[in-house]
Number of protein chains: 2
Amino acid sequence: MSSRREVSLAERKRQLVADELTEAALQLLALKGFDVVTVDEIVGAAGVSKRTFFRYFASKEDVVVQFLADMGTGMCAELAARPAGERPSAALRHAVWVPLGECADHSDRALRVVQLILDTPALLARFLERQAQWRDDLAAELARREGLDAATELYPRLAAGMALNAFDAVLHRWSSSDGTADPAALTDEAFAVIAPSLDARVRRG
Amino acid sequence: MSSRREVSLAERKRQLVADELTEAALQLLALKGFDVVTVDEIVGAAGVSKRTFFRYFASKEDVVVQFLADMGTGMCAELAARPAGERPSAALRHAVWVPLGECADHSDRALRVVQLILDTPALLARFLERQAQWRDDLAAELARREGLDAATELYPRLAAGMALNAFDAVLHRWSSSDGTADPAALTDEAFAVIAPSLDARVRRG
DNA sequence: GCCTCTCGTGACACCGAGTGTCAATGCGAT
DNA sequence: ATCGCATTGACACTCGGTGTCACGAGAGGC
């Protein structure tokens, strides 16, 4: 009777520490600001050592950004799961909605994180760095869907970039409205702007 | 005979130190890689103190990114200088071409810098951070041109983002082709993709 | 010519992020 | 009971970046 499920005790302990760490970090960072809070302060609140913090997160920025990072992978997965016949604008809209929907659902927590990221240059930089990775993944998947060569065609990269642009714009407006704006409506509005380029099929006959 | 022109001797000395510093930095960073070269190494080669380095550049990343940074301001200035009647796609294409033309002209130096930035995560992050600023500036100017309200309309921000997306895509392809690809042709190709959305006048009557 | 006043610089101490290393602890399996 | 493995804390260390101060070299007033 070593383990009831596949998850061992050690694994649950690991998750517990990670949660405790992110909890303490977000609490402090959102309250006092990113650059005035030190890692020692965070680990003091969480009750672990500084070394342990960096075993869970690659950097001080990561503890915030990783909150949004998983959403990015969900986004790429959603694009891959969309039906083959769907137009790029529709498929990308659904993909981008995955993380945005998460934000809308857990608006209490998510809003604070998003505002913190968008208002802190260092966090914004790391966030954009992650997005660059998402863009490459989206572009690869998009090239596969449309039967294009991502190495020679510019469309996949540009289309993925446009979708992420819409994502950013929605996030920004949602953040600056303190969560009162409707993410779904904003997303529709943004995709209405970029759809003409996403769906133009002037290339490849 | 204190100064031939308005530039004082002190001012020329300042520029000299800045040039010496960027020269030494780019030489070392491009040769050995960004993260293995320390600031002490750079200032040793330039013959100044570490403290002086940080009087000229805000960070180790800045010495590389600032090379491209001035181009960004030139880009925004160009957009503001374009004729009022010009379509957004044409105006933005000319704006984006300012920095790209600079790269094409000084391809020997520029190519190494661009490749260094695109291959180094930390530099890429800082670069994207700068671009976010450019995007806001472009969006504001675009809103002024088109008589839109940047606070309520998504178009200005999205259009600026698309233009910078094209910029990035061209830079990326130019870099990965080791400068053999033609930036002008790539720019045309990229703007052909995004133009439908840039010039769609379905909004605001 | 001299005397300031300022500005750029170097030297030094200092803080915080991040890493390598090692000893201790605790769980799982035999 | 014991061995092996993973996690942790403590410590020392590197490096990026900043505050402070004293020094020296130009620019202007007398």
Side-chain angles (χ1 to χ4, degrees), chain A residues 1-22 24-25 28-29 32-66 116 120-126 129, chain B residues 1-22 24-25 28-29 32-66 116 120-126 129:
Chain A
M1 69 161 103
S2 59
S3 59
R4 271 187 42 224
R5 310 185 210 113
E6 292 302 317
V7 287
S8 63
L9 184 143
E11 203 162 336
R12 275 176 292 167
K13 263 175 68 178
R14 241 190 107 74
Q15 189 59 43
L16 200 75
V17 175
D19 289 348
E20 187 68 25
L21 233 20
T22 52
L28 284 172
L29 295 176
K32 305 175 59 177
F34 180 79
D35 33 2
V36 302
V37 175
T38 69
V39 174
D40 298 271
E41 216 170 330
I42 296 171
V43 300
V48 298
S49 73
K50 187 178 75 170
R51 197 66 187 81
T52 295
F53 178 92
F54 287 106
R55 276 192 257 262
Y56 283 82
F57 305 99
S59 67
K60 187 177 152 192
E61 287 94 353
D62 252 39
V63 79
V64 183
V65 172
Q66 193 153 311
L116 183 62
T120 308
L123 288 174
L124 181 62
R126 294 274 185 166
E129 191 186 347
Chain B
M1 67 163 100
S2 60
S3 60
R4 271 187 41 223
R5 305 184 213 117
E6 292 303 316
V7 288
S8 63
L9 185 143
E11 204 163 335
R12 275 176 293 166
K13 264 173 69 177
R14 238 190 111 71
Q15 189 59 43
L16 199 76
V17 174
D19 289 348
E20 188 68 25
L21 233 20
T22 52
L28 284 172
L29 294 176
K32 305 174 61 177
F34 180 78
D35 34 3
V36 302
V37 176
T38 68
V39 173
D40 298 272
E41 217 171 329
I42 296 172
V43 299
V48 298
S49 73
K50 187 178 75 169
R51 198 64 188 83
T52 295
F53 178 92
F54 287 105
R55 275 193 257 262
Y56 283 82
F57 305 100
S59 68
K60 187 177 152 193
E61 286 95 354
D62 251 39
V63 78
V64 183
V65 171
Q66 192 153 313
L116 183 62
T120 308
L123 289 174
L124 181 62
R126 294 275 184 165
E129 192 185 346

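Note on naming: letters A, B, ... go to the chains in the order of the sequence lines (proteins, then strands), and numbering restarts at 1 for each one.
One can place CD of B/Glu41 at 15 Å from P of D/dT14, the figure rounded to the nearest angstrom. B/Arg126 places its CZ atom 11 Å from the C1' atom of D/dG17, with the value rounded to the nearest Å. Atom CZ of B/Arg12 and atom C1' of D/dA27 are 14 Å apart (whole Å). As rounded to whole Å, 13 Å separates atom C1' of D/dC15 from atom CZ of B/Phe53. As a whole-Å value, the separation of B/Leu21 CG from C/dT9 C1' is 13 Å. Rounded to a whole Å, the CD1 atom of B/Ile42 is 14 Å from the C1' atom of D/dG17. C/dC15 atom C1' lies 14 Å from atom CZ of B/Phe54, rounded to whole Å. Atom CG in B/Asp62 sits roughly 10 Å away from atom P in D/dT18 (whole-Å rounding).
Among C/dG18, C/dA17, D/dG16, the nucleotide with an atom closest to any side-chain atom of B/Thr38 is D/dG16. For A/Lys60, whose side chain is taken as the heavy atoms from C-beta onward, the closest listed nucleotide among D/dC15, D/dG17, C/dA17 is C/dA17.
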So which protein nitrogen or oxygen atoms get under 3.5 Å of nucleotides 7-9 of chain D's nitrogens or oxygens?
| from | atom 1 | to | atom 2 | distance (Å) |
| --- | --- | --- | --- | --- |
| D/dT8 | OP1 | A/Tyr56 | OH | 2.9 |
| D/dT8 | OP2 | A/Tyr56 | OH | 3.2 |
| D/dG9 | OP2 | A/Ser49 | N | 3.1 |
| D/dG9 | OP2 | A/Ser49 | OG | 3.0 |
| D/dG9 | OP2 | A/Thr52 | OG1 | 2.3 |
| D/dG9 | N7 | A/Arg55 | NH2 | 2.7 |
| D/dG9 | O6 | A/Arg55 | NH2 | 3.2 |

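Applying the salt bridge (charged side-chain N to carboxylate O under 4.0 Å, His left out) criterion to B/Lys50, with sequence neighbours excluded, gives no partner residue. For B/Glu129, there are no salt bridge (charged side-chain N to carboxylate O under 4.0 Å, His left out) partners at least two apart in sequence or on another chain.
If you check every strand for non-hydrogen atoms under 4.0 Å, B/Val37 touches sugar and phosphate atoms only. Residue A/Val36 is classed as having no contact, given no heavy-atom separation below 4.0 Å to the nucleic acid.
Looking only at side-chain heavy atoms (C-beta outward), A/Val63 and A/Phe53 come within less than 4.5 Å of each other. With contacts defined as side-chain heavy-atom distances shorter than 4.5 Å, the pair B/Ile42/B/Val37 qualifies. Residues B/Val39 and B/Phe54 have side chains in contact (heavy-atom distance under 4.5 Å, counting atoms from C-beta outward).
Nearest heavy-atom pair across A/Leu116 and A/Thr120 is O-OG1, 2.7 Å. The shortest heavy-atom contact between B/Arg55 and B/Arg14 is O-NH2, 4.1 Å.
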